[in-house]
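Okay, so here's the structure we're looking at.
In this chain, residues are counted from 1 in sequence order.
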Amino acid sequence: MNLGFYVHSTGGNDLNADIFGLLNDAVENNEVSDASVFYNEVDYNPVEKKFGTFNSTELWSFSGTLLVTTLTNLAIASRVVNDIKIAYLFDKTAKDNNLISLIQVSQSYPFIVRSEQEKEEIHRITGKMPHVIEKLNVEEILEVFNE
């Protein structure tokens, strides 16, 4: 399985720390055949990476499971015609969150949140029940796509 994440920036923040930790562990434990992070902006991140990091222009060559962390990136990723399964990984700190887009995304893509509080908020806004994955892991991510 190819697992990828599409983030706005590779900079050090809580979400990227979780993503990079998940991918490092998944590669080390052979849970994935390939792991990648796609980004729009490269920034310093002290985490050693055991996976590939690529500019978002390289999405055209990716196939597999892709978790996207901003609505803007979701619009870009959804235009890629490769064999990609996309889910939206909600990031409450993303600057492009808006109600109408969140409602629209919840109708078209699996929606993942990282806390019960976010689950209740997204359910209230969209009327859809998102998947809660408090600590990102490959097994639970795969379950999202197998439902």
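The number of heavy atoms from other shown groups lying within 6.0 Å of CD (Glu58) is above 12. When the shell of 6.0 Å around CD of Glu140 is examined, it contains more than 12 heavy atoms from other residues, nucleotides or ligands. Other residues, nucleotides and ligands contribute more than 12 heavy atoms inside 6.0 Å of the NZ atom of Lys49.
Residue Tyr44 shares its hydrophobic cluster (ILVMFWY side chains chained together at separations under 4.5 Å) with no other residue. Alongside Leu71, the hydrophobic cluster contains Tyr6, Phe38, Phe54, Leu59, Phe62, Leu66, Val68, Leu74, Ile76, Val80, Ile84, Ile86, Tyr88, Phe90, Leu102, Val105, Tyr109, Phe111, Val113, Ile122, Val132 (criterion: ILVMFWY side chains under 4.5 Å).
Under a 3.5 Å cut-off, the side chain of Asn73 and the backbone N or O of Thr69 do not form any donor-acceptor pair. Checking side-chain atoms of Thr53 against main-chain N and O of Val37 turns up no donor-acceptor pair under 3.5 Å. Within the 3.5 Å criterion, the main-chain N or O of Lys135 finds a donor-acceptor partner in the side chain of Asn137. Under the 3.5 Å distance criterion, the side-chain polar atoms of Ser101 are left unmatched by any main-chain donor or acceptor of Asn98.
Looking only at side-chain heavy atoms (C-beta outward), Lys128 and Gln107 come within less than 4.5 Å of each other. At least one side-chain heavy atom of Val144 sits less than 4.5 Å from a side-chain heavy atom of Ile133.
Atom CH2 of residue Trp60 and atom CG of residue Asn82 lie 8.5 Å apart, to the nearest 0.5 angstrom. The line from CG of Asp96 to OG1 of Thr70 is 4.5 Å long, rounded to the nearest 0.5 Å. If you take CZ on Arg124 and CD on Glu120, they are separated by 10.0 Å, rounding to the nearest 0.5 Å. Considering CG of Leu3 and CG of Leu67, their distance stands at 6.5 Å, rounded to 0.5 Å. Annotation: the span from His123 atom NE2 to Ser106 atom OG amounts to 10.0 Å, rounded to 0.5 Å. Rounded to the nearest 0.5 angstrom, Asn146 CG and Ile141 CD1 are separated by 12.0 Å.
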List the steps, then state whether side-chain hydrogen bond (donor to acceptor under 3.5 Å, both in side chains) holds for Asn2 with Thr65. CA-CA 6 Å; Asn2 291 340; Thr65 302; over 6 Å; no
Please list, one pair per line, the donor and acceptor atoms closer than 3.5 Å that link side chains of residues 8-31 to other protein atoms, with sequence neighbours excluded.
unit_1: His8; atom_1: NE2; unit_2: Glu41; atom_2: OE2; d: 3.3
unit_1: Ser9; atom_1: OG; unit_2: Gly11; atom_2: N; d: 3.1
unit_1: Thr10; atom_1: OG1; unit_2: Asp43; atom_2: N; d: 2.7
unit_1: Thr10; atom_1: OG1; unit_2: Asp43; atom_2: O; d: 2.9
unit_1: Asn13; atom_1: OD1; unit_2: Leu15; atom_2: N; d: 3.2
unit_1: Asn13; atom_1: OD1; unit_2: Asn16; atom_2: N; d: 2.7
unit_1: Asn16; atom_1: ND2; unit_2: Ser9; atom_2: O; d: 2.7
unit_1: Asn16; atom_1: ND2; unit_2: Gly11; atom_2: O; d: 2.7
unit_1: Asp18; atom_1: OD2; unit_2: Arg114; atom_2: NH1; d: 2.3
unit_1: Asn24; atom_1: OD1; unit_2: Lys50; atom_2: N; d: 2.7
unit_1: Asn24; atom_1: ND2; unit_2: Phe20; atom_2: O; d: 3.4
unit_1: Asn24; atom_1: ND2; unit_2: Glu48; atom_2: O; d: 2.8
unit_1: Glu28; atom_1: OE1; unit_2: Lys50; atom_2: NZ; d: 2.2
unit_1: Asn29; atom_1: ND2; unit_2: Asp25; atom_2: O; d: 3.1

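Considering every non-hydrogen atom in both Ala35 and Val32, the closest pair reads CB-CG2, 4.1 Å. Contact detail for Asp34 and Ser36: the closest heavy-atom pair is OD2-OG, 4.2 Å. Minimum interatomic distance between Glu134 and Ser115 (heavy atoms only, all atoms of both residues): CG-CA, 4.3 Å.
In the hydrophobic cluster analysis, where Ile, Leu, Val, Met, Phe, Trp and Tyr join through side-chain heavy atoms closer than 4.5 angstrom, Met1 is grouped together with Leu89.
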